[in-house]
2 protein chains.
Amino acid sequence: MANKISVLLVDDHAVVRAGYKTYLSLSERIGAVYEADRGETACQVYDKQTPDVVVMDLSMPGLGGLESVRRLLVRYPNCKILVFSIHNELVYVTRAIKAGAKGYITKNNEPDTLVTAVCTLAEGGTYIEPALAQQLAVNMAIGQDEAYKVKSLSPREFDIFCLLANGLSTRQAAEKLCLSYKTVCNHSTAIKEKLNVKTMSELTLLAGRQGIIKTGSELYEHS
Amino acid sequence: MANKISVLLVDDHAVVRAGYKTYLSLSERIGAVYEADRGETACQVYDKQTPDVVVMDLSMPGLGGLESVRRLLVRYPNCKILVFSIHNELVYVTRAIKAGAKGYITKNNEPDTLVTAVCTLAEGGTYIEPALAQQLAVNMAIGQDEAYKVKSLSPREFDIFCLLANGLSTRQAAEKLCLSYKTVCNHSTAIKEKLNVKTMSELTLLAGRQGIIKTGSELYEHS
DNA sequence: GAAACCATGGGAGCTTTTCCCGTTTTGCCG
DNA sequence: CGGCAAAACGGGAAAAGCTCCCATGGTTTC
């Protein structure tokens with residue numbers, strides 16, 4: 001084992017950072033621990049310190065975790081980012097990986113997992129929480145990914161999906177699109193079928209997770 | 001200043017507890033720090049250790065934070081509970097105080113605030129995050145916005161509101177609460193009336209803005 | 001102890017959704 | 001070019017869901 005690993009913690013909560021920092025410092029494999037309170041500052045700190053691993057929370061004001069990951073990678077394509085989130089939904093994992101993160105773990109783990117993951121990334125590996133990786137694999141095979149389901153909507157169905165998810169009634173949507181009420185009803189049924197949801201609330205929630213609701217950025221990236 | 005303050009940390013994430021524990025221990029005013037991973041265990045630990053202050057996270061599987069607060073207070077009416085949450089939405093503050101918590105702070109604060117709040121509670125005071133107390137006051141005066149409308153829901157209505165907003169059908173909600181389907185229907189109508197929404201999607205969106213949507217799998221977790 | 005409020009649900013009637021059907025348009029491909 | 005599949009559109013009947021009105025019983029509150 002060569003040098004100690006330097007880490008950059010990105011989280012908007014100072015308390016949380018303080019906690020992790022103290023905890024990480026207990027390991028003798030980990031050296032300096034830097035902090036940043038958001039994506040914007042993370043870039044600056046990274047530039048100055050070039051830490052081995054970045055530990056990034058997903059829910060942050062401003063850029064948000066995912067966008068921060070992307071920006072960091074644009075500037076420093078080799079940087080190793082471990083997403084450390086409370087979310088155990090697959091959407092987040094998928095997005096994080098797609099954004100270029102090298103690892104994803106949730107806060108449900110043993111404290112020790114954080115150290116393990118950090119070390120794995122430092123050595124050039126990837127670390128995705130086993131349970132999530134498992135589910136992802138299954139999901140991929142079955143093709144039950146939400147994003148995939150949304151893509152399976154026909155153009156017109158997608159239009160209607162958006163309107164309904166944003167709170168319009170079937171009638172209002174029909175009016176807005178100059179369609180018969182019945183047509184919208186029928187489309188709506190097809191949409192729910194394709195997205196595999198039963199209630200309008202579920203549909204709205206799914207739309208939120210998929211970023212289809214305008215005001216929804218904080219809705220799903222925040223806590 | 002007499003003895004050191006003993007604290008019970010309730011949070012389902014072991015990492016998070018580890019962090020806070022380490023941090024709290026740095027203060028010389030704080031002594032023993034106990035841990036519990038959920039409401040159910042919190043009661044047991046409390047019984048054994050009778051800590052001076054309970055620091056409770058709101059988002060937990062099983063009982064959930066609010067219900068845990070209530071149960072603790074039923075058994076130990078004098079116990080001092082500080083809710084320590086990521087949510088800065090007023091709904092949570094109101095609900096927490098109504099449930100009997102003696103303090104409410106968010107994780108957006110300086111780490112030091114946690115210590116301050118714990119000490120205040122230990123001395124028999126209350127500590128509500130100044131910014132939130134501020135907003136609450138204003139809100140009370142104006143009282144015509146969404147948060148206010150949500151507060152106008154009766155306890156039972158609020159329960160049902162949460163379930164419906166999180167995607168359950170009327171029937172599922174009824175089953176979950178051991179109620180007649182009709183009762184839930186009737187409540188649902190009243191809720192929509194009070195919140196001034198027409199569709200379930202609108203209701204879900206409002207819930208989202210008010211921070212009532214569960215982003216985790218807490219929903220399915222207790223049977 | 002009356003008034004007020006809440007939780008609970010039944011019944012009738014209305015509205016919405018589903019399911020099944022047909023028509024029309026469009027784009028694609030051998 | 002003719003055929004064909006997919007999409008968009010909508011009607012009608014039946015099922016499901018919701019609203020409105022009502023009644024009961026419990027708990028506070030004054």
Side-chain angles (χ1 to χ4, degrees), chain A residues 143 148-207 212, chain B residues 64 66-67 70-71 73-74 77 91 94-95 97-100 140 143 148-207 212:
Chain A
Y148 172 83
K149 286 189 279 186
V150 171
K151 270 184 269 176
S152 82
L153 297 178
S154 78
R156 203 48 163 169
E157 283 169 347
F158 187 76
D159 293 344
I160 293 172
F161 168 56
C162 291
L163 294 181
L164 295 181
N166 276 286
L168 296 210
S169 71
T170 330
R171 291 221 140 80
Q172 290 173 312
E175 199 173 321
K176 186 148 204 161
L177 296 173
C178 296
L179 287 179
S180 152
Y181 160 67
K182 294 285 316 191
T183 303
V184 176
C185 275
N186 287 332
H187 276 303
S188 166
T189 303
I191 292 165
K192 287 198 231 161
E193 166 78 40
K194 284 192 183 180
L195 299 184
N196 193 33
V197 299
K198 268 186 53 214
T199 68
M200 275 299 156
S201 300
E202 277 186 279
L203 188 140
T204 305
L205 292 170
L206 191 155
I212 281 151
Chain B
L66 285 178
E67 190 52 32
R70 287 189 207 101
R71 300 219 180 172
L73 281 162
V74 167
V91 219
T94 328
R95 297 275 157 185
I97 301 301
K98 201 168 288 176
M140 218 123 241
Y148 174 80
K149 285 190 275 183
V150 171
K151 269 186 288 179
S152 81
L153 298 179
S154 77
R156 204 47 164 168
E157 284 169 349
F158 186 75
D159 293 344
I160 293 173
F161 168 54
C162 290
L163 294 180
L164 295 180
N166 276 287
L168 296 212
S169 70
T170 329
R171 292 223 139 79
Q172 291 173 309
E175 199 173 321
K176 185 148 203 161
L177 296 174
C178 296
L179 287 180
S180 150
Y181 161 67
K182 293 285 315 191
T183 302
V184 177
C185 275
N186 287 333
H187 275 303
S188 166
T189 303
I191 292 165
K192 286 197 231 161
E193 166 77 40
K194 284 191 182 181
L195 299 183
N196 194 30
V197 300
K198 265 188 57 215
T199 68
M200 277 298 157
S201 302
E202 277 185 280
L203 188 141
T204 304
L205 293 169
L206 191 154
I212 282 153

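In what follows, every chain begins at residue 1, and chains take the letters A, B, ... in the order their sequences are listed.
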Take atom CG of A/L164 and atom C1' of C/dT16, then tell me their distance rounded to the nearest Å. 13 Å

Nearest to the side chain of B/R171, which nucleotide is it out of D/dC9, D/dG10, D/dG17? D/dG17

Please report the distance, rounded to the nearest Å, between CD1 in A/I191 and P in D/dC9. 11 Å

Which nucleotide in the set C/dT17, D/dC9, C/dA12 lies at the smallest distance from any side-chain heavy atom of A/R156? D/dC9

From D/dT19, D/dA13, C/dA7, pick the nucleotide closest to the side chain of B/T189? D/dT19

pair A/L177-A/R156: side-chain heavy atoms closer than 4.5 Å: yes

If you only use heavy atoms from C-beta on, which nucleotide in D/dC18, C/dA7, D/dT19 is closest to the side chain of B/Y181? D/dC18

With a 4.0 Å cut-off on heavy atoms, is A/S180 in touch with a base, just the backbone sugar-phosphate, or nothing at all? sugar-phosphate

Quick one: is C/dG9 close enough that its OP1 or OP2 comes under 4.0 Å of any side-chain N or O from B/T183? yes

Would you say B/S201's side chain and A/L164's backbone share a donor-acceptor pair under 3.5 angstrom? yes

Look at the side chain of B/N186 and decide which nucleotide, out of D/dG10, C/dG10, C/dA7, has an atom nearest to it. C/dG10

What is the separation between atom NE2 on A/H187 and atom P on D/dA6, rounded to the nearest whole Å? 16 Å

Non-hydrogen side-chain atoms of A/M200 and B/T199 separated by less than 4.5 Å: no

Euclidean distance, atom CG of residue A/L203 to atom C1' of C/dT17 [Å, nearest integer]: 14 Å

Taking the nucleotide of DNA chain C with the nearest heavy atom to each, does B/I160 or B/K182 sit closer to the 5' end? B/I160

Would you please confirm or rule out a distance under 4.0 Å between OP1 or OP2 of C/dT17 and any side-chain N or O of A/S188? no

Taken to the nearest whole Å, CD/A/E193 to C1'/C/dC19 is 12 Å

Rounded to whole Å, how long is the line connecting atom NZ of B/K194 with atom P of C/dC5? 10 Å

State which of C/dG9, D/dA13, D/dC18 makes the closest approach to the side chain of B/K192. D/dC18

Expressed in angstrom and rounded to an integer, what is the separation of B/M200 atom CE from D/dC18 atom P? 6 Å

If you only use heavy atoms from C-beta on, which nucleotide in D/dC18, D/dC9, D/dG11 is closest to the side chain of B/C185? D/dC18

Distance check needed: D/dG11 P versus A/L179 CG, whole Å only. 11 Å

